[in-house]
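The block underneath contains the structure these notes are about, expressed in structure tokens.
Only a predicted model underlies this, so the values are computations on that prediction, with no experimental measurement involved.
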Amino acid sequence: MTLNPENRPTERGWGILGSIVAVGMTLSSGLLAGEWEPILGIVVEEHYDSNTLLQDQGPSAFRQSWVTSILPEVGFEWDREAEEATDVDLRVVYTPDFSFYHDESEESHRRHVGLLEFELERRGWTVGTDLELNFTDGGTESPVWIPPSVVPAQGAWEVRNRRRHFQYRQSAVVRYDFEPIFARVEYEGRTWDFMTELRDIPFYQNYIDRSDFNVGPDVGYRSAEELDVFVGYRWGYQGQGNPAFGVPYTFENRYHRILIGLAGQLSPWLKLDARLGPSLHRLIGEEIFPGEATTETVLYFRAGAVVRWLKKSSWKLGWNVEIEATSPGQQVTAEYGVMPAQPG
């Protein structure tokens, strides 16, 4: 893997990093009287990737490699129960991923992930935010899909995410419970800042920066088993940079989304978070494809599950899949794996 020290997070990325560090320092310095618990661990994984570039024909077909991943984790959790039924929780974690592809070195990468989770509960009110910074120090060259190779479905996000890029994700919620009914406002923001080289050569894939922000209200019902059923609305914006070469077509759009959802503990061993609904997108870019409709309705779907196979196990199985509505189509992403969990 070739690392270029000059190709690092952009000023936008460093600005976001500085803001999150400042928030974390403010929260931790002003609230020292609670209970602190350190987080320290390491996981080493070995697996075999039988098709690193997701190709079944051409020169890139079935390129294989053993993969060693080293996943340390360090941080702390802080909890404070104050007077008048006020509860404050804070979690700050650095959890990098050092993955080595022994036979396909260009796929090796070092991923640095910082997480900050904060929640405050008081008299029926809940205010919380989750922040994630993700900088992948990987290869700076994108794949070249020489025929008969083709770009995999949905742009091969697994391949893309091993290249150098910066991701910022944030969610925030303000919620009030008047049992069994609740109302809340949710915000979610995501930014992808790709740092791969841009080239004007045939079959080379240039990755384009993009962003997605949305906000809106939910109203729902919480059962005695702490299972939430809700309906909601989101107003959102999806930004996309113009292609570096050729005609600058873009899918920049604003959207309106209706959601129905289910979230909570379905059983002692299964936790679920799922939501879906129609998403109406209106293209707003100066340049759109000739003949492309300026509005389109697509399906949005997100589901995540955590399974704990033994009541007192120290491990859990996590799975998450999302169909991200992007006019004029959908992009599918998935995350899954076995991870440490608190005993209980």
Side-chain angles (χ1 to χ4, degrees), residues 1 3-4 6-24 69 71-75 91-99 107-118 129-143 152 154-172 186-198 205-215 234 236-241 244 251-252 273 300 302 304 318-326 330-337 339:
M1 176 177 64
L3 301 180
N4 181 358
E6 296 181 356
N7 195 355
R8 295 299 179 187
T10 61
E11 293 181 358
R12 175 176 59 183
W14 286 120
I16 294 171
L17 174 61
S19 300
I20 293 180
V21 171
V23 170
S69 296
L71 309 163
E73 184 179 44
V74 59
R91 185 173 184 265
V92 179
V93 178
Y94 169 61
T95 173
D97 173 1
F98 306 104
S99 290
E107 302 303 315
S108 298
H109 58 274
R110 295 178 291 188
R111 179 170 294 130
H112 304 275
V113 182
L115 303 173
L116 185 150
E117 302 172 1
F118 173 78
T129 186
D130 291 346
L131 307 175
E132 176 182 333
L133 290 176
N134 183 324
F135 171 55
T136 299
D137 194 359
T140 59
E141 294 184 358
S142 300
Q154 309 303 333
W157 60 269
E158 305 99 319
V159 179
R160 181 195 68 191
N161 286 350
R162 294 196 290 262
R163 270 61 184 172
R164 181 166 296 164
H165 72 283
F166 178 83
Q167 288 188 46
Y168 158 76
R169 300 186 182 194
Q170 180 182 14
S171 62
E186 285 192 340
Y187 160 81
E188 182 179 34
R190 297 182 290 180
T191 296
W192 294 264
D193 189 354
F194 299 109
M195 303 173 192
T196 48
E197 298 177 13
L198 301 177
Q205 185 168 12
N206 291 301
Y207 295 125
I208 307 301
D209 295 347
R210 63 192 61 192
S211 59
D212 189 334
F213 302 94
N214 65 76
V215 64
R234 297 292 184 272
Y237 165 81
Q238 291 179 337
Q240 177 182 302
F251 291 111
E252 181 183 16
D273 186 352
Y300 174 83
R302 177 188 294 179
W319 172 80
N320 187 79
V321 64
E322 176 178 3
I323 297 179
E324 176 189 340
T326 54
Q330 290 88 16
Q331 176 176 338
V332 182
T333 62
E335 299 174 354
Y336 51 89
M339 62 208 79

Could you list the residues that satisfy salt bridge (Lys or Arg N to Asp or Glu O under 4.0 Å) with R91, not counting sequence neighbours?
E73, E77, E117
Over all atoms of both residues, closest heavy-atom pair of P143 and V159:
CG-CG1, 3.6 Å
Q170 side, atom CD; L133 side, atom CG - distance, nearest 0.5 Å
10.0 Å
Which atoms form the tightest heavy-atom contact between T129 and S171, and what is the distance?
OG1-O, 2.9 Å
At their closest point, which heavy atom of E132 faces which heavy atom of L115, and how far apart are they?
CG-CD2, 3.5 Å
Set of residues satisfying side-chain hydrogen bond (donor to acceptor under 3.5 Å, both in side chains) with respect to T95, sequence neighbours excluded
none
How close do H109 and G138 get, heavy atom to heavy atom, and via which atoms?
CB-CA, 4.0 Å
Nearest atoms (heavy-atom pairs only) where F213 meets G189:
CD2-CA, 3.5 Å
How many angstroms lie between CH2 in W192 and CG in D209, if you round to the nearest 0.5 Å?
11.0 Å
I need the F98 CZ to L71 CG distance, nearest 0.5 Å.
9.0 Å
Rounded to the nearest 0.5 angstrom, the CZ-CZ distance for F135 and R110 is 9.0 Å
Which residues pass the side chain to side chain contact (heavy atoms under 4.5 Å, CB included) test with N206, not counting sequence neighbours?
L198, Y204, F245
Suppose we screen for side-chain hydrogen bond (donor to acceptor under 3.5 Å, both in side chains). Which residues come up paired with Y94, at least two apart in sequence or across chains?
H112
Looking at CG of N134 and CG of N161, how far apart are the two atoms once the value is rounded to the nearest 0.5 Å?
8.0 Å
Taking C-beta and beyond as the side chain, do Y168 and S211 meet within less than 4.5 Å on heavy atoms?
no
Please identify each residue that fulfils side-chain hydrogen bond (donor to acceptor under 3.5 Å, both in side chains) with E141, with sequence neighbours left out.
R199
If you compare all heavy atoms of G139 against all heavy atoms of T196, which two are closest, and at what distance to 0.1 Å?
O-CG2, 4.0 Å
Please say which of D193, T136, D137 ends up in a side-chain hydrogen bond (donor to acceptor under 3.5 Å, both in side chains) with R164.
D137
Euclidean distance, H165 NE2 relative to R111 CZ, rounded to 0.5 Å:
6.0 Å
Pairing residues for R234 by the salt bridge (Lys or Arg N to Asp or Glu O under 4.0 Å) criterion, not counting sequence neighbours
E186, D218
Those residues that, when tested against S69, pass side-chain hydrogen bond (donor to acceptor under 3.5 Å, both in side chains) (two or more places apart)
S99
